[in-house]
Amino acid sequence: MATDERIAKYEDKMNKTMDALVKELGTIRAGRANPHILDKITVDYYGAPTPLQQVANVTVPEPRMIQIQPWEASLIKDIQKAILTSDLGINPNNDGKSIRLVLPELTEERRKELVKDVKKKGEAAKVAIRNIRRDANEAFKKLAKQDVSEDEIKELEEVIQKLTDKFGKNIDKTVEEKSKEILTV
């Protein structure tokens, strides 16, 4: 039966929404050094904005330090400038060969702000999932004009609702885990 094909398209969209949320939450720093906080930073490399990870080796030598070793020494100034102009709020230390980012301990207030931000992102992902469900249900209703029985349409709507519930729970779990990570001192 074509049910699987009709559902797979929407399940794929829901998976992509979930992946985007996980990736976005990975860029939020939670007290410990995480190289993914640098994912959004681009450096001007021969006139083209290039992701930092493609022009330097990024390592975490200590729990609250990120070290950036550019492939070319000439890039140090550009990398330092990119970090300073980003929304990271971290001052890079440059020793001529590499850049060190020492992550300050998060204040209680900042942790709570980050948790609010995480919850907001989780809510946005849930809204995206519900919009995918709505689109699916609208598409299924149009199938009635193509000689698809009402029972089949009901079945499709039930399957898409189960998927929506499953992804909603996954989002809640992911948000909860990230919130715990942020609040752990």
Side-chain angles (χ1 to χ4, degrees), residues 1-42 49-54 58 60 66 82-83 85-90 103 106-185:
M1 187 159 78
T3 304
D4 293 340
E5 291 169 25
R6 293 185 284 220
I7 293 290
K9 175 170 119 181
Y10 298 106
E11 186 174 12
D12 186 47
K13 285 181 180 182
M14 289 181 180
N15 273 319
K16 285 179 180 162
T17 300
M18 190 69 200
D19 292 345
L21 174 68
V22 168
K23 190 173 183 176
E24 196 170 2
L25 292 182
T27 65
I28 296 175
R29 77 180 179 93
R32 288 189 301 277
N34 179 349
H36 291 293
I37 66 170
L38 303 172
D39 285 356
K40 295 177 185 171
I41 294 180
T42 57
T50 309
L52 179 62
Q53 282 81 349
Q54 291 182 17
V58 179
V60 180
I66 297 176
I83 292 168
T85 58
S86 74
D87 62 354
L88 278 181
I90 301 172
L103 305 176
L106 292 175
T107 63
E108 182 81 16
E109 192 178 311
R110 181 70 178 130
R111 287 178 194 278
K112 286 178 180 165
E113 278 176 34
L114 287 172
V115 168
K116 272 187 203 165
D117 192 36
V118 165
K119 287 180 178 170
K120 213 180 288 174
K121 290 179 190 319
E123 203 45 53
K126 282 182 168 179
V127 168
I129 296 288
R130 289 193 294 266
N131 287 342
I132 294 167
R133 175 190 60 195
R134 186 197 61 223
D135 294 346
N137 285 338
E138 286 173 5
F140 300 154
K141 282 183 175 70
K142 289 178 185 165
L143 292 174
K145 296 174 187 159
Q146 301 170 8
D147 294 332
V148 176
S149 74
E150 276 186 39
D151 288 344
E152 271 187 279
I153 291 172
K154 272 265 180 279
E155 188 182 315
L156 286 169
E157 287 174 349
E158 284 172 16
V159 171
I160 206 77
Q161 182 59 51
K162 282 179 185 161
L163 275 175
T164 303
D165 295 343
K166 181 182 107 178
F167 278 97
K169 284 180 184 147
N170 285 349
I171 289 169
D172 286 342
K173 189 175 156 218
T174 304
V175 165
E176 183 64 34
E177 286 170 1
K178 186 66 179 183
S179 298
K180 246 186 219 157
E181 180 187 329
I182 291 170
L183 292 172
T184 303
V185 181

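The analysis underlying the following values was restricted to heavy atoms, covering all of them including side chains, and did not include hydrogens, waters or symmetry mates. Throughout, numbering of the chain's residues begins at 1 and tracks the sequence.
- Atoms CD1 and CG, on I182 and L114 in that order, are 5.0 Å from each other to the nearest 0.5 Å.
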**Message:** Using the rule given for side chain to side chain donor-acceptor pair (under 3.5 Å), can you reason through N131 versus R134, listing the C-alpha separation, both sets of side-chain angles and the distance that settles it, and then say yes or no?
**Reply:** CA-CA 5 Å; N131 287 342; R134 186 197 61 223; 3.2 Å; yes
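- With a 4.5 Å cut-off on side-chain heavy atoms, M14 and T164 count as touching.
- Salt-bridge annotation for R130 and E123: present, with a side-chain N of the basic residue lying under 4.0 Å from a carboxylate O of the acidic one.
- Scanning for salt bridge (Lys or Arg N to Asp or Glu O under 4.0 Å) contacts around K141 gives E157, with sequence neighbours left out.
- Interatomic distance, CG of L38 versus CD1 of I83, reported as 6.0 Å (0.5 Å rounding).
- The existence of a salt bridge linking E181 and K178 is confirmed by a sub-4.0 Å separation between a basic side-chain nitrogen and an acidic carboxylate oxygen.
- The two atoms that bring G122 and I171 nearest to each other are O-CG2, 3.4 Å, heavy atoms only.
- Separating the CD atom in E150 from the NZ atom in K154 is a distance of 7.5 Å, to the nearest 0.5 Å.
- Counting all heavy atoms, side chain and backbone alike, I160 lies closest to Y10 at CD1-CB, 3.5 Å.
- With rounding to the nearest 0.5 Å, the separation of CZ in F140 from CD in E158 is 11.5 Å.
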**Request:** Please assess E109 against K112 for the test salt bridge (Lys or Arg N to Asp or Glu O under 4.0 Å), listing each intermediate value before the final yes or no.
**Result:** CA-CA 5 Å; E109 192 178 311; K112 286 178 180 165; over 6 Å; no
**Request:** List the steps, then state whether side-chain contact (heavy atoms from CB on, under 4.5 Å) holds for Q161 with N137.
**Result:** CA-CA 9 Å; Q161 182 59 51; N137 285 338; 5.6 Å; no
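- Between K173 and K169, every side-chain heavy-atom pair lies at or beyond the 4.5 Å cut-off.
- Exactly one of E113, R111, K119 qualifies for a side chain to side chain contact (heavy atoms under 4.5 Å, CB included) with V115. That residue is K119.
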Without placing hydrogens or testing angles, list every side-chain donor-acceptor pair under 3.5 Å for residues 15-26, not counting sequence neighbours.
unit_1 : atom_1 : unit_2 : atom_2 : d
N15    : ND2    : E11    : O      : 3.4
K16    : NZ     : D12    : OD2    : 3.3
T17    : OG1    : K13    : O      : 3.0
E24    : OE2    : K121   : NZ     : 3.1

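- When side chains are defined from C-beta on, L143 counts as touching Q146, because their heavy atoms get closer than 4.5 Å.
- Heavy-atom minimum distance, V58 versus P35: CG1-CB, 3.7 Å.
- Interatomic distance, CD1 of I129 versus CD1 of I132, reported as 4.5 Å (0.5 Å rounding).
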